[in-house]
Amino acid sequence: MINEKADEFLDCSGLSCSLPLIEARNQLDKMKIGETLRVVATCPSSKKDIEILTSLDFFELIRSWEKNDKYYFLIKKIR
């Protein structure tokens with residue numbers, strides 16, 4: 001796993017499609033502007049879901065990567 005410092009961590013392993021998106025959005029809504037969230041998920045559709053979420057003006061996808069059948073995302077709240 002890439003070692004990126006994040007303010008918060010959210011483990012969505014085992015959750016089926018759309019739930020990682022919903023959980024990530026709920027967590028990001030509680031965070032302050034400028035903070036980052038690292039998300040790990042196992043659902044392949046989370047990759048597209050997180051891309052859609054971070055296409056909004058409120059969040060920025062800093063980095064995404066895959067390792068051992070898991071998907072990792074580092075998301076920054078920008079607004």
Side-chain angles (χ1 to χ4, degrees):
M1 178 167 37
I2 295 172
N3 191 12
E4 290 278 352
K5 184 180 181 293
D7 297 296
E8 299 286 335
F9 176 73
L10 181 63
D11 187 354
C12 294
S13 298
L15 297 181
S16 58
C17 47
S18 295
L19 287 176
L21 166 70
I22 293 166
E23 293 295 325
R25 177 64 193 255
N26 287 340
Q27 183 66 35
L28 286 161
D29 284 345
K30 299 174 190 173
M31 295 171 63
K32 296 177 184 173
I33 293 171
E35 290 185 325
T36 55
L37 173 66
R38 184 186 309 174
V39 179
V40 60
T42 51
C43 180
S45 69
S46 64
K47 196 171 176 183
K48 184 68 176 166
D49 289 343
I50 295 297
E51 288 175 4
I52 291 168
L53 173 67
T54 56
S55 71
L56 303 173
D57 290 338
F58 302 100
F59 313 111
E60 177 184 358
L61 182 60
I62 302 294
R63 180 176 288 180
S64 66
W65 64 99
E66 294 177 40
K67 186 173 181 181
N68 299 328
D69 298 323
K70 290 190 176 186
Y71 304 91
Y72 296 87
F73 309 94
L74 184 63
I75 305 166
K76 182 176 184 178
K77 183 171 183 174
I78 56 174
R79 255 168 62 163

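No hydrogens, no waters, no symmetry mates; every other heavy atom, side chains included, goes into these values.
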Chemist: Would you check if the side chain of Ser64 reaches a backbone N or O of Tyr72 as a donor-acceptor pair within less than 3.5 Å?
Modeler: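 Looks like no, no N/O pair under 3.5 Å.
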
Chemist: Looking at every heavy atom in both Thr42 and Gly14, which two are closest together, and how far apart are they?
Modeler: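 Heavy atoms only, the tightest pair is OG1-N, 2.8 Å.
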
Chemist: Rounded to the nearest 0.5 Å, what separates atom CG in Leu15 from atom CD in Glu23?
Modeler: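 Nearest 0.5 Å value for the CG-CD distance: 6.5 Å.
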
Chemist: Would you compute the distance between atom NZ of Lys76 and atom CD of Glu60 and round it to the nearest 0.5 angstrom?
Modeler: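 It comes to 6.5 Å.
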
Chemist: Can you tell me how far apart CD1 (Ile78) and CG (Asp57) are? Round to the nearest 0.5 Å.
Modeler: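 It comes to 7.0 Å.
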
Chemist: For the CG atom on Asp29, are there more than 12 heavy atoms of other groups (residues, nucleotides or ligands in this structure) within a distance under 6.0 Å?
Modeler: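 Enclosed: over 12 neighbouring heavy atoms sit under 6.0 Å from CG of Asp29.
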
Chemist: Rounded to the nearest 0.5 Å, what's the gap from SG on Cys43 to NZ on Lys48? Could you check?
Modeler: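 Rounded to the nearest 0.5 Å, the SG-NZ separation comes out at 14.0 Å.
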
Chemist: Is it the case that the side chain of Asn68 and the backbone of Lys70 share a donor-acceptor pair, with hydrogens and angles ignored and the cut-off at 3.5 Å?
Modeler: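 No, the answer is negative, given that no donor and acceptor are paired below the 3.5 Å cut-off.
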
Chemist: In Å, rounded to the nearest 0.5 Å, how long is the span from CD of Glu8 to NZ of Lys32?
Modeler: 10.5 Å

Chemist: With a cutoff of under 4.5 Å between side-chain heavy atoms, which Ile, Leu, Val, Met, Phe, Trp and Tyr residues group with Ile50?
Modeler: Leu10, Leu21, Leu28, Met31, Leu37, Val39, Leu53, Leu56, Phe58, Phe59, Leu61, Tyr71, Phe73, Ile75

Chemist: How long is the straight-line distance from CD of Glu35 back to CD of Gln27, given to the nearest 0.5 Å?
Modeler: 9.5 Å

